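Numbering of residues begins at 1 and proceeds along the displayed sequence. The shown structure was predicted, so the numbers you read here are calculated from the model rather than taken from an experiment.
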Amino acid sequence: GGTGSGAAPVVAEAARACGALTVAVVTKPFGFEGRRRARQAVAALEELERAVDTLVVVSNDRLLSIVPPDAPLADAFLVADDVLRQGVVGVSEIIVKPGLINVVGVS
């Protein structure tokens, strides 16, 4: 799931065991998705945080500020997906491409 539930912690632990730098980029549910979903997300984030080197959490509710109020619900989810994609690409480029930012791996 978007909150890092499912297989994400298992995959992250396996990657770390192989010596890989693990970075998770996840979303927190929209407020309108309900309290139960929010509680599930918090539990999943706590589990995932223990399994990765770095955890980047994006709040879907904060993303609503860039979605027009009359936009369909599907568009709000598309915005969330695109922001996640941009986050993953940005973090990947910082780690992989040589440049002005020196990224030190976790030992």
Side-chain angles (χ1 to χ4, degrees):
T3 56
S5 56
V10 176
V11 173
E13 286 176 4
R16 278 179 83 180
C18 293
L21 175 66
T22 55
V23 179
V25 180
V26 298
T27 59
K28 289 176 77 174
F30 289 103
F32 58 75
E33 292 182 78
R35 289 185 187 153
R36 180 174 179 224
R37 181 79 174 104
R39 283 192 305 272
Q40 290 171 333
V42 168
L45 288 172
E46 289 171 355
E47 182 180 358
L48 184 58
E49 187 171 30
R50 290 188 294 271
V52 298
D53 296 305
T54 302
L55 178 63
V56 178
V57 181
V58 177
S59 169
N60 279 343
D61 283 335
R62 300 271 321 263
L63 297 176
L64 287 178
S65 65
I66 59 173
V67 177
D70 58 344
L73 180 61
D75 288 355
F77 283 106
L78 288 174
V79 168
D81 287 345
D82 190 52
V83 168
L84 272 182
R85 182 194 59 76
Q86 290 175 38
V88 169
V89 168
V91 169
S92 297
E93 287 179 354
I94 288 171
I95 294 169
V96 175
K97 290 185 179 180
L100 297 176
I101 300 173
N102 185 18
V103 179
V104 178
V106 177
S107 57

- Task: With sequence neighbours left out, write down each residue that passes side-chain contact (heavy atoms from CB on, under 4.5 Å) with Arg36, or none if nothing qualifies.
- Result: Arg39, Gln40
- Message: According to ring pair (Phe, Tyr, Trp, His ring centres under 6.0 Å), does anything in residues 9-60 pair up with another residue at least two apart or in another chain? List the pairs.
- Response: Phe30-Phe32, Phe30-Phe77
- Query: How would you list, by chain and number, every residue that makes a side-chain contact (heavy atoms from CB on, under 4.5 Å) with Glu46, sequence neighbours excluded?
  - Reply: Val42, Arg50
- Sequence neighbours excluded, the answer for salt bridge (Lys or Arg N to Asp or Glu O under 4.0 Å) partners of Glu33 is Arg37
- Please test Leu55 against Leu48 for side-chain contact (heavy atoms from CB on, under 4.5 Å), starting from the C-alpha separation and ending with a verdict. CA-CA 8 Å; Leu55 178 63; Leu48 184 58; 3.9 Å; yes
- Task: Using the side-chain contact (heavy atoms from CB on, under 4.5 Å) rule, take Val23 and Val52 through it: C-alpha gap first, then chi angles, then the decisive distance, then the call.
- Result: CA-CA 6 Å; Val23 179; Val52 298; over 6 Å; no
- Query: Do Val79 and Ile66 have side chains that get closer than 4.5 Å, going by heavy atoms?
  - Reply: yes
- Item | ring pair (Phe, Tyr, Trp, His ring centres under 6.0 Å) contacts in which one or both residues fall within residues 39-67, not counting sequence neighbours | none
- Distance-minimising heavy-atom pair for Ala51 and Pro9: CB-O, 3.6 Å
- Item | Partners passing side chain to side chain donor-acceptor pair (under 3.5 Å) against Arg85 (at least two apart in sequence or in another chain) | Asp82
- Name all residues meeting the side-chain contact (heavy atoms from CB on, under 4.5 Å) criterion together with Ser92; count only those two or more places apart in sequence or in a different chain, and write none if there are none. Val88
- Pro72 meets the side-chain contact (heavy atoms from CB on, under 4.5 Å) criterion, sequence neighbours left out, with Asp75
- Message: Do Leu45 and Val57 have side chains that approach each other closer than 4.5 Å (heavy atoms only, starting at C-beta)?
- Response: yes
- Task: Measure from the side-chain N and O atoms of Thr22 to the backbone N and O of Ala12, and report whether any donor-acceptor pair falls under 3.5 Å.
- Result: no
- Task: Flag the pair Lys28 / Asn60 as yes when at least one side-chain heavy-atom distance between them is below 4.5 Å, and no otherwise.
- Result: no
